[in-house]
Amino acid sequence: MQLNQMNKETPTILVLLGITGDLTAKKVVPALFSLYQKKVLSDKFRIVGFGRKPFDNESIKPFIAELVKARAKNPDPKAIEEFTNLFHYQQGLFEEARSYQALKNTLEKIQEPWKEKTNRLFYLAVPPDLYQMIFENLKSSGLSDTPDNSNVETRILVEKPFGVNSETAERLEQLLSSLFAENKIYRIDHYLAKEMVQNILTFRFSNDIFEKTWNREFIEKIEIRLWETLGVEKRGAFYDPIGALRDVGQNHLLQMLALITMDYPLDLSPAAIHVRRAQTLHALKPQTIEEIKENTYRAQYQGYGQIEGVKKGSSTETYFKIKTTLSGERWQGLPVIFESGKRMKEQRKEVVVTYRHSENCFCPSGGIHYKNRIIFSLEPVEGITIEFWSKKPGLDLVKESRTIDFVLRNNTERTQYVEEYEKLLLDCILGDQTLFVSTAEVKAMWAFIDPIVSAWEKNLVKLESYQPDTTPSDTNRVF
Ligand code: BG6
């Protein structure tokens with residue numbers, strides 16, 4: 001079935017809790033507008049904003065129009081107007097029971113003329129400290145109910161962070177699972193929806209020439225890197241309590257590892273893929289204190305302490321590098337290196353798979369050692385590079401490094417986040433959880449990260465300092 005036909009059949013109401021926030025402005029509204037322009041939304045698709053600010057069904061429209069104009073490239077004014085007509089607004093307080101009753105009435109009113117089973121999607125575009133209160137109110141108002149014979153199908157979308165450690169994540173998960181079945185919970189990690197990240201599985205499982213060597217016998221190490229030139233900027237209050245490891249390590253980097261190392265799923269269903277991703281994440285052994293001291297490095301860029309919202313004398317890391325080894329039959333003992341930082345010398349996001357030196361290397365005596373690398377690059381270009389050695393043209397047998405490159409596009413050719421969020425929103429509308437994170441994965445990721453965070457909090461690994469626009473591992477002995 002064509003995508004257009006499929007979506008046309010799905011009446012859907014998306015409730016945006018926190019419609020006036022940053023997340024809505026930068027990611028959700030631009031992505032919805034893009035979906036609207038691609039005509040993949042149902043004719044019966046509506047968006048209900050829920051928030052404290054004094055908007056109504058009319059005044060929310062120019063507000064949304066401004067958000068679209070601020071982000072979309074040359075948007076058609078008519079399309080903007082039509083798009084804003086999809087919006088309704090329900091003023092209310094997140095802590096107030098009767099606001100949820102009012103929201104319920106609004107949803108019923110919108111849905112009533114359709115006389116069809118309707119998806120209700122609740123998107124929590126709010127700070128995570130409000131999650132618990134909202135979950136509880138969704139439950140007590142009956143908004144989270146989906147009785148078997150009702151004409152409502154309810155799903156919930158939540159953004160990371162899912163807790164700040166194993167314990168808080170577990171509490172949140174318990175609460176969530178008391179309200180919604182696992183197949184109704186859509187936990188967002190936008191890295192899973194990136195083109196090149198999705199491509200990892202296609203590359204691996206559709207090309208036997210690589211998959212047959214995808215194990216510790218042939219591969220020497222895996223490096224996963226997320227370097228950003230930008231600093232923490234205006235996000236001090238959000239960033240300072242969590243730091244780099246919890247901001248991107250506990251989720252984006254570990255998810256990329258899961259895709260690079262998981263086994264072939266039993267089938268292509270979301271559940272089967274979740275099982276495989278979770279299995280690899282579970283195979284990451286939590287490190288002992290001694291290992292953490294030896295294999296982890298953390299640093300903060302100079303000037304971070306002056307950012308608004310950052311605690312005086314903060315010891316939050318803005319850079320980390322961590323080495324670990326994998327377990328399990330396929331990967332036993334394989335080193336994996338995670339590295340990420342803000343205010344790095346360059347923008348570089350990639351997964352590098354390095355092969356072992358070939359035993360039968362066609363090397364002249366004393367020749368250089370020979371390793372192949374496969375690089376999955378997200379930035380600065382999106383693509384895949386295979387590095388290999390070739391004979392340099394000429395009379396002598398001299399080897400030189402060459403590459404085979406697949407360039408999907410230069411990263412400046414896309415609008416940041418729109419592509420990821422449109423994919424995620426569409427998949428949630430369609431009920432496809434493949435690109436969302438399961439509860440088992442959340443648990444496994446925290447089990448690996450927790451001991452490191454706790455050792456760092458106890459200062460068992462010294463917090464180093466680095467100059468902005470440099471990469472600490474270039475100048476310091478990291479481990
Ligand atoms: C977010 C983090 O999850 O990912 C940010 O909170 C980080 O700090 C961002 O900058 C990186 O995502 P992307 O898509 O820009 O690589």
Side-chain angles (χ1 to χ4, degrees), residues 21-28 30-31 34 71 124-129 157-164 169 186-200 224-257 259 298 300-301 304 307 309-310 314 316-320 338-344 346-351 376-383 408-425 435-437 441-442 445-446 449 453 468 471:
D22 225 35
L23 179 67
T24 306
K26 289 197 180 130
K27 302 175 181 171
V28 184
S34 179
R71 292 242 138 196
L124 271 66
V126 297
D129 52 349
L157 285 130
V158 275
E159 288 275 342
K160 71 164 190 70
F162 313 116
V164 292
Y186 289 71
R187 298 175 194 83
I188 295 177
D189 180 331
H190 77 282
Y191 262 63
L192 285 173
K194 283 185 182 287
E195 269 300 337
M196 284 312 301
V197 174
Q198 291 181 64
N199 209 348
I200 292 174
I224 304 182
R225 196 165 284 127
L226 196 165
W227 290 350
E228 296 178 287
T229 50
L230 267 185
V232 172
E233 318 296 315
K234 295 200 172 85
R235 298 169 72 222
F238 159 80
Y239 192 87
D240 198 48
I242 59 168
L245 182 56
R246 283 186 278 197
D247 184 37
V248 298
Q250 186 270 345
N251 34 67
H252 310 328
L253 298 196
L254 288 181
Q255 282 296 336
M256 287 196 276
L257 176 73
L259 295 172
R298 64 185 181 123
Q300 186 187 86
Y301 66 81
Y304 169 78
I307 293 174
V310 170
S314 161
T316 296
E317 81 287 354
T318 57
Y319 169 89
F320 66 85
F338 300 106
E339 184 184 28
S340 181
K342 302 265 186 208
R343 290 303 298 267
M344 297 283 98
E346 61 180 302
Q347 188 80 1
R348 178 167 290 279
K349 300 174 183 175
E350 62 187 11
V351 179
F376 298 85
S377 171
L378 283 64
E379 288 188 38
V381 286
E382 287 180 279
L408 172 67
R409 63 197 159 184
N410 190 306
N411 204 261
T412 51
E413 287 167 33
R414 61 184 202 105
T415 316
Q416 202 193 15
Y417 299 127
V418 171
E419 190 174 271
E420 292 92 325
Y421 275 80
E422 71 180 23
K423 176 79 183 131
L424 292 168
L425 284 161
L435 302 182
F436 295 84
V437 182
E441 291 169 273
V442 172
M445 293 190 288
W446 278 122
I449 296 294
V453 171
T471 299

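Computed from a predicted structure; not experimentally measured. For ligands, and for the atoms within them, numbers begin at 1 and follow the listed sequence. Along the sequence shown, the residues carry numbers beginning at 1.
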By side chain to side chain contact (heavy atoms under 4.5 Å, CB included), which residues pair with Ala169, not counting sequence neighbours?
Val442, Trp446
Taking Asp22 first and then Lys27, would you say they form a salt bridge - that is, a charged N and a carboxylate O separated by under 4.0 Å?
no
Trp227 and Glu346: side chain donor to acceptor below 3.5 Å:
no
May I have the N/O to N/O pairs between ligand 1 and the protein that fall below 3.5 Å, each with atom names and distance to one decimal?
{"residue": "ligand 1", "atom": "3 (O)", "partner": "Lys160", "partner atom": "NZ", "Å": "3.1"}
{"residue": "ligand 1", "atom": "3 (O)", "partner": "His252", "partner atom": "NE2", "Å": "2.7"}
{"residue": "ligand 1", "atom": "4 (O)", "partner": "His252", "partner atom": "NE2", "Å": "3.3"}
{"residue": "ligand 1", "atom": "6 (O)", "partner": "Lys160", "partner atom": "NZ", "Å": "3.4"}
{"residue": "ligand 1", "atom": "6 (O)", "partner": "Arg235", "partner atom": "NH2", "Å": "2.9"}
{"residue": "ligand 1", "atom": "6 (O)", "partner": "Asp247", "partner atom": "OD1", "Å": "2.6"}
{"residue": "ligand 1", "atom": "6 (O)", "partner": "Asp247", "partner atom": "OD2", "Å": "3.4"}
{"residue": "ligand 1", "atom": "8 (O)", "partner": "Arg235", "partner atom": "NH1", "Å": "2.9"}
{"residue": "ligand 1", "atom": "8 (O)", "partner": "Asp247", "partner atom": "OD2", "Å": "2.6"}
{"residue": "ligand 1", "atom": "8 (O)", "partner": "Lys342", "partner atom": "NZ", "Å": "2.7"}
{"residue": "ligand 1", "atom": "10 (O)", "partner": "Glu228", "partner atom": "OE1", "Å": "3.3"}
{"residue": "ligand 1", "atom": "10 (O)", "partner": "Glu228", "partner atom": "OE2", "Å": "2.6"}
{"residue": "ligand 1", "atom": "10 (O)", "partner": "Lys342", "partner atom": "NZ", "Å": "3.1"}
{"residue": "ligand 1", "atom": "12 (O)", "partner": "His190", "partner atom": "NE2", "Å": "3.2"}
{"residue": "ligand 1", "atom": "14 (O)", "partner": "His190", "partner atom": "NE2", "Å": "2.7"}
{"residue": "ligand 1", "atom": "14 (O)", "partner": "Lys194", "partner atom": "NZ", "Å": "2.7"}
{"residue": "ligand 1", "atom": "15 (O)", "partner": "Lys349", "partner atom": "NZ", "Å": "3.3"}
{"residue": "ligand 1", "atom": "15 (O)", "partner": "Gln416", "partner atom": "NE2", "Å": "3.0"}
{"residue": "ligand 1", "atom": "15 (O)", "partner": "Tyr417", "partner atom": "OH", "Å": "3.4"}
{"residue": "ligand 1", "atom": "16 (O)", "partner": "Tyr191", "partner atom": "OH", "Å": "2.4"}
{"residue": "ligand 1", "atom": "16 (O)", "partner": "Lys349", "partner atom": "NZ", "Å": "2.6"}

If the condition is side chain to side chain contact (heavy atoms under 4.5 Å, CB included), which residues does Glu350 pass it with, not counting sequence neighbours?
Arg225, Arg348, Val352, Ile375
Can you give me the closest heavy-atom contact between Glu420 and Ala193, atom names plus distance?
O-CB, 3.6 Å
Tell me, please, which residues at least two apart from Phe376 pass ring-ring contact (aromatic ring centres under 6.0 Å, His included).
Phe203
